[in-house]
Amino acid sequence: MFIFTCCALSAQQADGQEKLQLKHGSHRVGKRTDAVMAKWRGYGLGQFIHWGLYAIPGGEWNGKQYNGAAEWIRSWNGIPKSTYDSLIYKFNPVNFNAEEWAATAKQMGAKYVTITTKHHDGFCLWPSKYTNYTVANSPWKKDIMKPLIDAYDKQGIDVILYFSVMDWNHPGWRYDIKTKEDSIAFEGFKQFTRNQLLELLTLYPTAKGLWFDGTWDKSWVKQAAFADELETEMRKLRPGLIIGSRFRADENGKRHFDSNGVLMGDYEQGWERKIPNKIEDVHGNDWDCVMTVPENQWGYNKAWKGHIKTTNELLEMTAKCVSLGGNFVLNFGPQGDGAIRKEEKQLAAQIGDWMKTNNEAIYNCEYAGLEKQDWGYFTKKTGSDKLYMIVFNVPVSGALKVKLPANTSIGKSYLLAQPAQLLNTEEISGTEYFIHLKNTAAGKPFVVVLEPNAKKGSGNTYDKAKT
Ligand SMILES: C[C@@H]1O/C(=N\OC(=O)Nc2ccccc2)[C@@H](O)[C@H](O)[C@@H]1O
């Protein structure tokens, strides 16, 4: 007698776990090992750009503030949908300057940028031939994506294209497929989606990846086979293309991780406005965290409310992400006229100031595998033993505790900003040390470099307490 599990054939796995044989699950276990993904892994810091028609109202309509995220204002019952949709006739960003945007990202120290090509409202920042709802039919008329991609490429900042599958403007979009009519309409929508994605990859061949969004509704979750085939087609068209875990579900509707718990896509995209706390939380996968400056505003909002993150907070988020093997991506929401708001320009300048001195501890660094200490975060240079201590909390003692692996000692340590000034390191026990700071009134985060040595002899100098 054959016993079929509810959703798929199962096979005994080497470790005894019941592994489902999936047709549309993940096609790879473990991290990608190619050079394109290795470069992505080392980016450290990125920029997100949310820009579109929603930047024109900026979270306000007829003097009333929309309480949600500004880029979702079309979903507010305070605006007739057709009225929002006619914003296309007001899209004329006279202060848009692609070189300025790219220069701001360069100043901040971003190594990659994710730019909205089309958000949930369906308005395309490129002249797509598959819909009229594009820049081509706005007063602006011109392609926005090409000058942006060219400007970022010129700055050496890699471009990832954000694409919302959910498209409120397209007549074929459905939240779920319940009737025959839904099914027919959604088949047309799927072809439209495929056409636009192949169009983007063809028009902008230097784009390194696609950042998918709007893929949580049942209509798309039910398209495991179609999405799987489309992902394969896009990867064939653009070898090395980076696609995250948010694009598609497996045949059981599992998103981000398939029914066997294996990551879908090339990196985990679930870290939206949240950061893992410990290395176990990332399950050995690549990942990045995308973060807003206010609590939850991606598109431009005239009136930022609540807590606005400070430079030091954002630097600490960057350090924490890199210390746990990920990248940190900070969102910018340019104004409807195309200018970047002054608060974001200030943040870019201040973060950039710090990165100018300390980026060695961020770029091409990874999880150091050391016990977290209260003073801040460890990172390790990929392919080297060099360790960095990114210090946010200087202890009153001025002594930074470090626990190294057995048979490792500290060769030398110094402030990254003052490499000639060696710091006094004191061995507490076989693997524990204090790094004694000369100046404990830093006032802003700083980096201590540790150059470890293989330890002569073995183990502890002092016997463990007999308890
Ligand atoms: C980066 C952000 O991504 C989004 N949504 O991300 C989600 O993950 N949404 C979500 C998460 C859990 C359940 C349902 C939706 C968008 O709606 C938002 O406007 C912004 O572009």
Side-chain angles (χ1 to χ4, degrees), residues 46-59 66-76 79 84 87 110 112-125 144-145 159-170 173-176 193 200 209-223 227 242-249 253-257 263-265 267-276 285 287-302 304-306 309 314 317 321 326-334 336 344:
Q47 180 192 45
F48 213 142
I49 295 266
H50 273 77
W51 197 47
L53 296 182
Y54 41 80
I56 297 169
Y66 167 55
N67 289 327
E71 72 282 358
W72 274 72
I73 195 168
R74 186 183 184 277
S75 68
W76 184 27
I79 311 177
Y84 175 94
L87 283 172
Y112 67 134
V113 64
T114 300
I115 308 175
T116 48
T117 60
K118 176 180 87 167
H119 204 263
H120 308 332
D121 62 2
F123 179 67
C124 302
L125 289 182
I144 289 281
M145 292 312 302
V159 176
I160 306 264
L161 303 178
Y162 167 110
F163 182 90
S164 175
V165 170
M166 178 167 74
D167 179 330
W168 295 328
N169 183 269
H170 191 282
W173 167 256
R174 294 290 183 280
Y175 290 99
D176 194 1
T193 300
L200 283 167
L210 291 165
W211 203 96
F212 285 98
D213 200 11
T215 54
W216 49 79
D217 287 311
K218 286 186 183 147
S219 55
W220 183 256
V221 168
K222 288 174 178 171
Q223 309 305 324
I242 296 172
I243 295 175
S245 61
R246 208 179 268 203
F247 176 49
R248 64 184 180 89
K254 292 288 184 185
R255 296 181 67 234
H256 292 287
F257 294 89
L263 182 73
M264 302 284 271
Y267 67 98
E268 190 186 348
Q269 260 184 291
W271 301 102
E272 183 199 315
R273 291 181 291 126
K274 56 181 190 251
I275 297 175
N285 296 312
W287 61 278
D288 69 4
C289 159
V290 290
M291 186 59 73
T292 49
V293 178
E295 184 47 37
N296 182 24
Q297 292 296 334
W298 298 91
Y300 174 69
N301 190 312
K302 285 176 189 152
W304 273 357
K305 286 189 268 222
K309 296 174 188 75
L314 296 168
M317 290 179 179
C321 286
N327 296 325
F328 182 70
V329 181
L330 182 61
N331 182 71
F332 285 60
E344 292 174 348

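Order of appearance sets the numbers: ligands from 1, and atoms from 1 within every ligand. Any value given below was found using the heavy atoms of this structure, including those in side chains, with hydrogens, waters and symmetry copies removed.
Taking the six-membered ring where the residue is Trp, His50 and Phe48 present tilted rings, their angle falling between 30° and 60°.
Applying the 4.0 Å criterion to heavy atoms of His119 picks out, from ligand 1, the atoms 18 (C), 19 (O), 20 (C), 21 (O). With ligand atoms numbered from 1 in the order given, ligand 1 contributes 1 (C), 20 (C), 21 (O) to contacts under 4.0 Å with heavy atoms of His50. Taking a cut-off of under 4.0 Å to the non-hydrogen atoms of Trp72, the atoms of ligand 1 that pass are 16 (C), 17 (O), 18 (C), 19 (O).
Residue contacts with ligand 1: His120 is included, with a non-hydrogen atom under 4.0 Å away. Proximity of Asp213 to ligand 1 is established by a heavy-atom distance of less than 4.0 Å.
Salt bridge annotation for Lys222-Asp176: present, with a cationic side-chain nitrogen under 4.0 angstrom from a carboxylate oxygen.
Taking 4.5 Å as the limit, some side-chain heavy atom of Trp72 sits within range of a side-chain heavy atom of Trp168.
Nearest protein neighbour of atom 6 (O) of ligand 1, counting heavy atoms only, is Glu272 OE1, 2.6 Å. Here the protein heavy atom with the shortest distance to atom 18 (C) of ligand 1 is Glu71 OE2, 3.5 Å.
Comparing Trp271, Tyr54, Trp298, Trp216 by heavy-atom distance to atom 1 (C) of ligand 1, the nearest is Trp298.
Across every non-hydrogen atom of Leu314 and Phe328, the tightest pair is O-CE2, 3.9 Å.
Within a 6.0 Å sphere centred on NZ of Lys218, other residues, nucleotides and ligands contribute 12 heavy atoms or fewer.
Between Trp220 and Trp173, the ring center distance fails the sub-6.0 Å criterion.
Checking side-chain atoms of Glu344 against main-chain N and O of Gly333 turns up a donor-acceptor pair under 3.5 Å.
Protein heavy atoms are absent from the 4.0 Å sphere centred on atom 12 (C) of ligand 1.
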